[in-house]
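As structure tokens, the structure follows; a few thoughts come after it.
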Amino acid sequence: MIKEAKIVSVVSLFPLPQYVIVLEDVEKTRLVPIWIGVNEGNAIALEMQGEKFPRPLTHDLIVNIVGALNAKIEKVVVSDLKENSYYAIIDVQVDGKTISIDARPSDSLAVAVRVNCPI
């Protein structure tokens, strides 16, 4: 069953080099915590706070490349949990077709907050 979710918190686990991203389904019935690296956590948190940088960060670059190719990021899906690791897919629309691209949830969420697409 697929449910749309929102990022409800981004928490740094300092002094550990990790963040926890908490997703909540839009019906507010389920929370999903996902542990991610510090770089991806910073990328998500800074974007959610509206921080802008003079040069594109990695996830900004991904969004720029997709746009330059006349494609559109439709949604990201946290698709699976295997051996304590989450998996994700980024759905990109190109020429009327949807291409599903395997990605880490951390990168997928960092892209999603930049284009404001469904999760």
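Along the sequence shown, residues are numbered consecutively beginning with 1. Predicted model only: the values in this text are computed from it and were never measured.
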Has the side chain of Asp25 got a donor or acceptor atom that lies under 3.5 Å from a matching backbone atom of Arg30?
-> yes
Determine whether more than 12 heavy atoms belonging to other residues, nucleotides or ligands lie under 6.0 Å from atom CZ of Phe14.
-> no
Measure the spacing between CG of Leu61 and CD1 of Ile65 and express it to the nearest 0.5 Å.
-> 4.0 Å
Can you tell me how far the CD atom of Gln93 sits from the CD1 atom of Ile73, to the nearest 0.5 Å?
-> 12.0 Å
Identify the two heavy atoms, one from Glu4 and one from Lys6, that lie closest to each other, and give their separation to 0.1 Å.
-> OE2-NZ, 3.6 Å
Which atom names give the shortest non-hydrogen contact between Glu74 and Cys117, and what distance separates them?
-> O-CB, 3.5 Å
Evaluate side chain to side chain contact (heavy atoms under 4.5 Å, CB included) for Leu57 paired with Arg114, printing each intermediate quantity in order.
-> CA-CA 11 Å; Leu57 300 178; Arg114 283 163 171 74; 4.3 Å; yes
Do Val77 and Ile119 share a hydrophobic cluster, counting only Ile, Leu, Val, Met, Phe, Trp and Tyr and linking them when any side-chain heavy atoms are less than 4.5 Å apart?
-> no
Heavy-atom pair of closest approach, residues Val76 and Ser108 = CG1-O, 3.5 Å
Atom NZ of Lys72: over 12 foreign heavy atoms under 6.0 Å = no
Is there a chain of hydrophobic side chains (I, L, V, M, F, W, Y, each step under 4.5 Å between heavy atoms) that links Val115 to Leu109?
-> yes
Closest heavy-atom pair and its distance - Tyr19, Val38 = CE1-O, 3.6 Å
Hey, what do you get for CD1 (Ile89) to OG1 (Thr98), rounding to the nearest 0.5 Å?
-> 12.0 Å
Separation between CH2 (Trp35) and CG (Leu13), nearest 0.5 Å, reads 8.0 Å
Identify whether Ile101 and Val113 are in the same connected component of the hydrophobic contact network (ILVMFWY, side-chain heavy atoms under 4.5 Å).
-> yes
Val22 and Val11: CA distance, side-chain angles, deciding distance, side chain to side chain contact (heavy atoms under 4.5 Å, CB included) verdict | CA-CA 8 Å; Val22 179; Val11 179; 5.7 Å; no
Asn84 and Leu81: which non-hydrogen atoms are nearest, and at how many Å?
-> C-CD1, 3.8 Å
d(Leu23 CG, Leu31 CG) to nearest 0.5 Å is 9.0 Å
Are the side chains of Lys3 and Thr29 in touch, meaning some heavy atoms are under 4.5 Å apart?
-> yes
Heavy-atom closest pair, residues Ala110 and Ile44 | CA-CG1, 3.6 Å
Answer with yes or no whether the hydrophobic clustering places Ile90 together with Ile99; edges join I, L, V, M, F, W, Y residues whose side-chain heavy atoms lie under 4.5 Å apart.
-> yes
Same cluster for Met48 and Val32 if Ile/Leu/Val/Met/Phe/Trp/Tyr side chains link at under 4.5 Å?
-> yes
Indicate yes or no: at least one non-hydrogen side-chain atom of Ile7 is less than 4.5 angstrom from one of Ile21.
-> yes
Evaluate the side-chain proximity of His59 to Glu47: yes if any heavy-atom separation is below 4.5 Å, no if none is.
-> no
